[in-house]
2 protein chains.
Amino acid sequence: MANSLNLNIDRSSPVPLYHQVVQGIEAAIRSGNLEPGSKLENEIDLAAALNLSRPTMRKAMDELVRAGLLVRKRGVGTQVVSSQVRRPLELSSLYDDLVARGGKPTTDVLTFSHVDADAATREKLALHPGAKVYHFTRLRKVDGKPLALMENWVRDDIVEFDGAALATAGLYGILRNGGVNFRLATQRVGAMIANDYQAPLLDTTPGAALVTMERTAVDDTGRLVETGHHVYRADNYSFEMTLVQR
Amino acid sequence: MANSLNLNIDRSSPVPLYHQVVQGIEAAIRSGNLEPGSKLENEIDLAAALNLSRPTMRKAMDELVRAGLLVRKRGVGTQVVSSQVRRPLELSSLYDDLVARGGKPTTDVLTFSHVDADAATREKLALHPGAKVYHFTRLRKVDGKPLALMENWVRDDIVEFDGAALATAGLYGILRNGGVNFRLATQRVGAMIANDYQAPLLDTTPGAALVTMERTAVDDTGRLVETGHHVYRADNYSFEMTLVQR
DNA sequence: GCATTTAGTTTGTCCTGACAATAGGATGAT
DNA sequence: ATCATCCTATTGTCAGGACAAACTAAATGC
């Protein structure tokens, strides 16, 4: 539709050009300026219009395809994907999620200790026998209502921890401040029944459905930094994700 | 570690060069030939060793980084990520998953109908009022044991459906045979308690934990082809995924 | 001995250019 | 009118080069 999408590319900005394009197109889509189903101009013309090379333009569109916002077809063109598609799965913590949604998260630190890692934890974090970890359980509330019960184990050779800090900042925030750059995480989502310990903390009854999530996070040096087991009230929380065919 | 990883690149193959590299390195990692934590040669030398250009080599490594198998750091190098990392989330059906694992899946078609889409379905598939859809429920078993109860709605203007075909082939297989090229899907994973209808079908008791999954799939033309609501026994199934920081 | 600078290595970004593969419509023959 | 063929538009793949930015480690100065 020759929608010339008037983007501003700032060549003096430290933000890479392709990323500026990603942000621009994403904003145009989310604002409705680019309608779902509409066709974009072809790569060559778009690149020329913005004074960019085709590889740069292509890299930007690659990201948007991966994010599930665009669909490409050889010989045909590129199309904005029909709405419904939300943000893809990102490596962010629940705390970040809640802050982004405008909720007011608070955290109760239920237990905090610095202990020898047991066999299961050593396996998950690839630690030597005798290594110690921080182990703690937290209860996350939003606007006073309990949402998640979290149990975590963190290597002790990266950041000095204390229980008080955990009450005011998210785990990932503390680790990032301590110089940890997260790169990837594996997580497993399942379900279980609330037991007698969990139910009162989450303000529900034993036997209620809970969503479970286990996650292990890796930093940019390849270290397994943190592993955790979280449970959420099923009526409050679910995991949404976008899968892209490759 | 100058691990020269002896790959064979076949320039006459229809498989893109960068993808051959992806497959080669992935195989080397999964076979243990490239150990977790070990460092790869730098991009330039690797490209030269395989007689490829650096952009091609880079594209291959990009994919592996996204897949969570490699970690890169400017000025330092590229490293094989510590094991633990399984396959990332892909757009495949449960049927495909089970076949890949070597199980013997069978399917009972419980109900099958061709009906007017209700408001909720029209919203999910972006259909006009009065449009019709195929609606069916299936019970998926592996080696005779029930695993998943699935309820799906499919547009009726793409592929002609009949209940018998569903008993022998997976939904996605039928649609793919009908010319549908899936591109992406959004799904939401949560939990619920088995009710009186679900429990006997899944060979469990009312009140047991179930994993729920809702999915809507989009094809390469942007059409919302299929939406479904599946439930799994929590003791048999969970969703595993790899999240990559961008 | 310690902090600072400097040089080297490696990945990150960006460019120009070229050809291949595919889809879809236009064209032409039957 | 129908079918096969050609043409065009568009994305997919690949090459080679250049410079920037970040990190490491060695050399330097105090």
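Below, read A as the first sequence line, B as the second, and so on, with proteins coming before strands; counting in each chain starts at 1. Atom set for the values below is all heavy atoms of this structure, side chains included, hydrogens, waters and symmetry mates excluded.
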Of the listed dT10(D), dC15(C), dT11(C), the closest approach to the R74(A) side chain comes from dT10(D)
Return the nearest nucleotide to the side chain of Y18(B); candidates are dT13(D), dA22(D), dC15(C). dT13(D)
Separation of E43(B) atom CD from dT10(C) atom C1', in whole Å? 8 Å
Hey, are the side chains of V71(B) and V65(B) touching, using non-hydrogen atoms and a 4.5 Å cut-off? no
Donor-acceptor pair between E151(B) and H135(B) side chains, under 3.5 angstrom: yes
Check the phosphate of dG12(C) against R72(B), side-chain N and O only, distance under 4.0 Å to OP1 or OP2. Yes or no? yes
Rounded to the nearest Å, what distance is computed from the CG atom of residue L17(A) to the C1' atom of nucleotide dA20(D)? 12 Å
Distance, rounded to the nearest Å, where K73(B) contributes NZ and dT9(C) contributes C1': 15 Å
Hey, which sits more toward the 5' end of DNA chain C by its nearest nucleotide, I44(B) or V76(A)? I44(B)
Assert: residue with more 5' nearest nucleotide on DNA chain C, out of N42(B) and N51(A), is N42(B)
How many whole angstroms separate atom CD of Q79(B) from atom P of dC23(D)? 15 Å
If you look at every strand shown and take non-hydrogen atoms under 4.0 Å, does D62(B) touch a base, only sugar-phosphate, or nothing? nothing
Gap between atoms CG and P, on L40(B) and dT9(C) respectively (whole Å): 19 Å
Verify the distance criterion only: is there a donor paired with an acceptor across the side chains of R72(B) and T78(B) at less than 3.5 Å? no
Between L64(A) (CG) and dT11(D) (P), how many Å, whole number? 14 Å
Hey, are Q20(A) and D10(A) close enough side-chain-wise for a donor-acceptor pair under 3.5 Å? no
E63(B) CD to dC14(D) P, straight-line distance once rounded to whole Å: 11 Å
Just by distance, with hydrogens left out, do T107(A) and R138(A) show a side-chain donor and acceptor under 3.5 Å apart? no
For R188(B), is there any backbone N or O sitting under 3.5 Å from a side-chain donor or acceptor partner on S238(A)? no
Please confirm whether the shortest side-chain N or O distance from T78(B) to OP1 or OP2 of dT10(C) is below 4.0 Å. no
Integer-rounded Å distance: dT8(D) P and D45(A) CG: 17 Å
Using the test ring-ring contact (aromatic ring centres under 6.0 Å, His included), find all partners of H114(A) that sit at least two apart in sequence or belong to another chain. Y134(A)
In residues 52-60 of chain B, which ones come under 4.0 Å of DNA chain D, going by heavy atoms? L52(B), S53(B), R54(B), P55(B), T56(B), K59(B)
Can you figure out which of dC15(C), dC14(D), dG12(D) approaches the side chain of P16(B) most closely? dC14(D)
